[in-house]
Amino acid sequence: QEQLVESGGGSVQAGGSLNLSCIASKYTRCMAWFRQGPGKERERVAHINFWGRATYAESVKGRFTISRDTAENTLSLQLSSLMPDDAGMYYCAAHDTPYCPTDDIGLAMWDWGKGTLVTISS
């Protein structure tokens with residue numbers, strides 16, 4: 001069981017920026033960020049695969065950037081131009097396959113962090 005610990009959440013004004021980090025207990029080939037807003041289902045924000053290729057949800061393209069440091073087993077998410085719909089709990093997730101899973105895989109198949117909360121203020 002992989003341990004994942006997120007940090008960096010907080011309150012930010014609309015239009016602002018935030019940086020989230022995740023520390024993993026071991027190297028994992030696929031890593032991702034999910035989020036869950038109030039009254040919404042958990043959704044994948046971005047993932048990065050074994051080869052370093054990043055994929056983003058349409059709602060965050062051009063605004064968020066995912067990156068990883070394989071040597072330190074860390075994952076980051078840079079959030080920019082934040083909007084109210086971006087608010088929610090952000091979760092770091094890992095799945096040890098070179099290609100990241102498609103959306104039909106169950107959430108239970110991922111290893112999860114506890115989450116870090118992002119709120120948007122005026």
Side-chain angles (χ1 to χ4, degrees):
Q1 185 72 30
E2 183 168 9
Q3 303 297 312
L4 302 166
V5 181
E6 305 96 333
S7 63
S11 181
V12 62
Q13 293 184 347
S17 300
L18 200 64
N19 290 285
L20 308 181
S21 297
C22 171
I23 300 175
S25 61
K26 66 176 183 178
Y27 171 76
T28 310
R29 289 173 289 178
C30 169
M31 299 193 73
W33 287 98
F34 289 74
R35 70 184 180 189
Q36 187 168 19
K40 301 177 181 179
E41 295 185 354
R42 192 169 300 187
E43 64 173 345
R44 194 183 312 190
V45 175
H47 66 240
I48 185 165
N49 67 15
F50 172 74
W51 298 274
R53 182 172 182 172
T55 302
Y56 300 91
E58 288 294 329
S59 59
V60 306
K61 282 184 178 179
R63 300 188 300 117
F64 291 10
T65 301
I66 188 171
S67 61
R68 68 183 301 169
D69 185 332
T70 57
E72 297 185 355
N73 297 331
T74 58
L75 181 74
S76 298
L77 185 68
Q78 181 177 332
L79 301 78
S80 300
S81 301
L82 285 163
M83 303 182 295
D85 284 347
D86 295 319
M89 189 72 72
Y90 282 71
Y91 299 91
C92 178
H95 190 275
D96 195 22
T97 51
Y99 291 99
C100 290
T102 53
D103 287 340
D104 59 351
I105 191 174
L107 296 179
M109 299 302 296
W110 295 81
D111 292 323
W112 296 96
K114 299 296 184 183
T116 185
L117 184 64
V118 174
T119 58
I120 310 298
S121 63
S122 62

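Atoms considered below: every heavy atom in the structure, side chains included; atoms not considered: hydrogens, waters and symmetry mates.
A distance of 10.0 Å separates NE2 in H47 from OH in Y56, rounded to the nearest 0.5 Å. To the nearest 0.5 angstrom, D86 atom CG is 7.0 Å from S59 atom OG. Taken to the nearest 0.5 Å, the CD1 atom of I66 stands 13.5 Å off from the CZ atom of R53. Taking CG from L79 and CZ from F64, the interatomic distance works out to 4.0 Å, rounded to the nearest 0.5 Å.
Hydrophobic clustering (ILVMFWY, side-chain heavy atoms < 4.5 Å, transitive): W112 and L77 are in distinct clusters. Taken together through direct or relayed side-chain contacts under 4.5 Å among Ile, Leu, Val, Met, Phe, Trp and Tyr, I48 and L4 form part of one hydrophobic cluster. Put simply, L107 and L75 are part of two different groups of oily side chains (I, L, V, M, F, W, Y) that touch within less than 4.5 Å, one to the next. Clustering ILVMFWY residues whenever any of their side-chain heavy atoms sit less than 4.5 angstrom apart, transitively, puts Y91 in a cluster other than the one holding W33. Linking ILVMFWY side-chain heavy atoms closer than 4.5 Å, directly or via other members, places M89 and V60 in two distinct hydrophobic clusters.
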- request: Walk me through it: do M83 and I120 pass the test side-chain contact (heavy atoms from CB on, under 4.5 Å)?
  value: CA-CA 7 Å; M83 303 182 295; I120 310 298; over 6 Å; no
- request: Step by step, work out the side-chain contact (heavy atoms from CB on, under 4.5 Å) result for C100 and H95.
  value: CA-CA 7 Å; C100 290; H95 190 275; over 6 Å; no
task: Applying side-chain contact (heavy atoms from CB on, under 4.5 Å), run through T70 and R68 and close with a yes or a no.
output: CA-CA 6 Å; T70 57; R68 68 183 301 169; 3.6 Å; yes
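Under the salt bridge (charged side-chain N to carboxylate O under 4.0 Å, His left out) criterion, D96 pairs with R29, sequence neighbours left out.
Annotation for K40: atom NZ counts as buried by contact number, over 12 foreign heavy atoms lying within 6.0 Å.
Aromatic ring centres of W110 and F34 lie closer together than 6.0 Å.
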Side-chain donor/acceptor pairs under 3.5 Å, residues 9-25, sequence neighbours excluded:
residue, atom, partner, partner atom, Å
S11, OG, T119, OG1, 3.4
S25, OG, Q3, N, 2.9

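Of the charged side-chain nitrogens involved, at least one lies within less than 4.0 Å of a carboxylate oxygen, so that E43 and R35 count as a salt-bridged pair.
Hydrophobic cluster membership of Y27, counting Ile, Leu, Val, Met, Phe, Trp and Tyr whose side-chain heavy atoms lie under 4.5 Å apart directly or via other members: F50, W51, Y99.
Between the side chain of E6 and the backbone N or O of T116 there is no donor-acceptor pair closer than 3.5 Å. A distance-only check finds no donor-acceptor pair linking the side chain of Q36 to the backbone of G88 [under 3.5 Å].
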